[in-house]
Amino acid sequence: MIVYQVFTRLFGNKVKANISGGTLAENGSAKMNDINDKVLRFVRYMGVTHVWYTGIIRHATETDYSAYGIPRQHPDIVKGKAGSPYAIADYYDVDPDLAEDVAHRMAEFEALVKRTHEAGMKVVIDFVPNHVAREYHSVAKPKSIKDLGEDDNPEMGFSLENNFYYCVGQPFVSPETAFSSSQSEEAYHEFPAKATGNDCFGNSPSQNDWYETVKLNYGVDYMAGETPLSSHLSALTSYPSSWQKMLDILLFWASKGVDGFRCDMVFMVPVAFWQWAMPQVKAKYPQLIFIGEIYDPAIYREYIATGFDYLYDKVGMYDCIRDITCGYRRAADISWQWQSTDDILGHMLYFLENHDEQRIASDFFARDARKGIPGLLVSALFAKNPFMLYAGQEFGERGMAHEGFSGRDGRTTIFDYWYLESIDHGYFNRRKLTTEEKSLMLEYQKVLLLKEREKAVSLGESFDLMYVNQHIGNRQFAFLRKHGKELLLVVANFSDEEVEIDVNIPAHAFDFLQMTPGKHSAIDLLTGEKTDFDLQPDGSLHLTIAPWYGRVYKSVVLSPGAKRTRKRPSSSE
């Protein structure tokens, strides 16, 4: 499973103005129709199996679509001109920025799902369960559905029947922001104030809070000191109002043909809700997957037990590989990271970039996109778990523009209208690909296709070699993968220098992977170079590896007791 994250608003935008803080009219927006059959073939040819279209559901924005019956959002509670895709304004609607024909935006999304499926890939979209935009109001919901907050009693700070939490008797005070355009209009009014999305239960959130959002109430009484993990919700005989409404939303989008949900900040939503909702969704859509964004390894297993198929391994493997790339940790530390989740390794989603993290090529990370290749080799090839790639990563997108609300922070903006030259070159004007962009793309393609096509990776066992190779553990990481007769030796070099190293192969590897000693021909699947190895228990192999690169040697080896057979000659031989 290889997930390709597409920030849909930016993917295909052809307006090159790039005015910091620019409007839709000035900077433009990509459309779902830009992601056509040709583009999807390119994506699939990278080895991608699932496309995560980020920002599909309608969210708060400063752009006025009231002519289409879409409520206008007050700029005091919108981050950036385009707005955050995680401030959902209508769970049953599609972002109008993404449609060529705004009145038929849902039909355009359904067509995108169909095209993606026809290209041989599955569709993942966001489900944002913890919070919504402050001015949330659904104009697209089915008539049988009651809106969030519609039956709330704002005189109660907490109630199982309320969808929101309230600061009773207190007005909402919006933080002043340099990006607010509300000087020419009346200030935003909300009374009583609703609690803010990042568990800020006061009426006056700061600029650093998620002040553009409000917290959804799943029945956890934070005022009484409960938490999503300590609440007693599973013992309830009737369920909080929000539960059924959020289940209805999941079922609505599943009915549109989506194949999975990337669930935002799942640890802020009680386990009991997931235990109740996910079995009902999967009963109707058995193949549908749930990917959870979670940052506390101590509760990984609890959320997997609720039904999550995959969890972000951000504070584990991502942070480890980033630190190694930046020179802060030893490459051998990767062993400890995978061992800490060994019992759930198949559920861990590895990645090197996403919309929340800084670009590898940015000044805040490695400054050079090619320095991400060793981390790619480890993240994509070490285990059978999925890998995620962020659009532009494969072309060396730097994320160093000052787009507006986002600022120059090494990330690609999620708040602003913007044009990404790397995406334009990579998918829409491929003749303009620079030598560096093309070279990097080919390296990513090689590695991702290995993950998809090599049985030793997709089906095989892993064997970490570092416990007998501590002499290379500062800047190199080595492991084996094997399935049937096919053996891969993978070594990643996190160093500025070409290295000559001896990689030890312990006797235990021969037992665990069922290998026979002997001389074997091998080919480096990255470079095409051929060599011969003498594989012996407790022996070693001498390798030369280029800086910030690696080796993926493939050999055909026999299991103990297996006999070599010669193909019977045909009658013409």
Side-chain angles (χ1 to χ4, degrees), residues 5-30 52-57 59-63 73 75-89 95 97-98 126 128 131 133-134 174-182 196-198 205-213 262 264-265 293 314 322 351-367 369 390-393 395-424:
Q5 183 187 3
V6 168
F7 196 82
T8 320
R9 185 201 302 146
L10 306 181
F11 195 93
N13 184 23
K14 299 173 182 62
V15 180
K16 302 179 182 180
N18 278 359
I19 298 168
S20 181
T23 64
L24 173 63
E26 292 170 325
N27 282 356
S29 172
W52 165 20
Y53 293 111
T54 307
I56 290 293
I57 302 176
H59 58 266
T61 177
E62 288 194 22
T63 303
Q73 304 285 305
D76 273 359
I77 49 169
V78 178
K79 289 182 176 178
K81 288 291 190 294
S84 167
Y86 295 99
I88 300 294
D95 178 14
D97 282 343
L98 306 179
D126 286 289
V128 188
H131 49 273
R134 295 210 86 91
S174 176
E176 295 181 2
T177 88
F179 303 96
S180 174
S181 59
S182 62
T196 297
N198 60 320
S206 73
Q207 285 187 354
N208 295 324
D209 289 312
W210 305 345
Y211 63 83
E212 81 281 24
T213 70
R262 177 270 186 189
D264 188 70
M265 306 300 283
E293 179 190 22
K314 193 275 179 192
R322 175 174 175 141
F351 58 90
L352 298 173
E353 289 187 359
N354 64 38
H355 68 279
D356 285 320
E357 308 303 337
Q358 291 165 329
R359 295 286 193 171
I360 296 166
S362 77
D363 293 351
F364 300 90
F365 193 160
R367 296 176 177 265
Y390 188 27
Q393 177 181 341
F395 303 112
E397 175 60 40
R398 299 196 67 230
M400 287 302 295
H402 192 298
E403 302 103 329
F405 187 90
S406 181
R408 188 175 288 108
D409 59 1
R411 298 174 178 85
T412 297
T413 181
I414 66 170
F415 305 106
D416 307 285
Y417 297 110
W418 206 250
Y419 163 82
L420 293 180
E421 186 177 75
S422 60
I423 296 293
D424 187 26

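- In this structure a side-chain-to-backbone donor-acceptor pair under 3.5 Å is present from E293 to M265.
- Rounded to the nearest 0.5 angstrom, N354 CG and R262 CZ are separated by 7.5 Å.
- To the nearest 0.5 Å, atom CG of residue N27 and atom CG of residue N18 are 6.0 Å apart.
- For the pair R322 and F365, the cation sits on the ring face: its NZ or CZ lies under 6.0 Å from the ring centre, inside 45° of the axis.
- Inter-residue side-chain proximity for D356 and K314 is flagged as unmet; no heavy-atom pair is nearer than 4.5 Å.
- The two residues R134 and T213 have their closest heavy-atom pair at NH1-O, 3.0 Å.
- Taking the six-membered ring where the residue is Trp, Y86 and H355 present parallel rings, their angle staying beneath 30° rather than reaching 60°.
- Remark: the backbone N or O of G399 is not paired with any side-chain donor or acceptor of S362 at under 3.5 angstrom.
- The closest side-chain heavy-atom distance from K81 to E62 is below 4.5 Å.
- Note that the CG atom of D97 and the OG1 atom of T8 stand 11.0 Å from one another [nearest 0.5 Å].
- Between G197 and H131, the shortest heavy-atom contact is CA-CB, 3.9 Å.
- To the nearest 0.5 Å, atom CD1 of residue I423 and atom CD of residue E397 are 7.0 Å apart.
- Looking at every heavy atom in both residues, R411 comes nearest to S406 through O-OG, 4.4 Å.
- Between atom OH of residue Y419 and atom CD1 of residue I19 there is a gap of 15.0 Å, rounded to the nearest 0.5 Å.
- Residues F395 and E421 are not in side-chain contact: their nearest non-hydrogen atoms beyond the backbone lie 4.5 Å or more apart.
- Contact record, R359 with A391: NH2-O, 3.0 Å, taken as the closest heavy-atom pair.
- Side chains of D126 and W52 form a contact here, defined as non-hydrogen atoms less than 4.5 Å apart.
- A donor-acceptor distance shorter than 3.5 angstrom exists from the side chain of K14 to the backbone of G12, with no hydrogens or angles considered.
- Between the side chain of D416 and the backbone N or O of F405, at least one donor-acceptor pair lies under 3.5 Å.
- A donor-acceptor pair under 3.5 Å links the side-chain atoms of E403 to the main chain of T413, judged by distance alone.
- Counting only heavy atoms from C-beta outward, the side chains of I414 and P85 approach each other to under 4.5 Å.
- Inter-residue side-chain proximity for L10 and T412 is flagged as met; some heavy-atom pair is nearer than 4.5 Å.
- Taking all atoms of both residues into account, the shortest heavy-atom contact from G396 to A369 is CA-CB, 3.6 Å.
- When side chains are defined from C-beta on, Q393 does not count as touching F351, because their heavy atoms never get closer than 4.5 Å.
- Contact of the T63 side chain with the T23 side chain is not registered, since no non-hydrogen atoms from C-beta on lie closer than 4.5 Å.
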Tell me, with the steps shown, if L420 and N13 meet side-chain contact (heavy atoms from CB on, under 4.5 Å).
CA-CA 7 Å; L420 293 180; N13 184 23; over 6 Å; no
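- Residues T54 and R9 have side chains that never bring a donor and an acceptor to within less than 3.5 angstrom of each other.
- Scanning both residues, Y417 and T61, for their nearest heavy atoms gives OH-OG1, 3.5 Å.
- Distance check: F364 CZ to D409 CG gives 6.5 Å after rounding to the nearest 0.5 Å.
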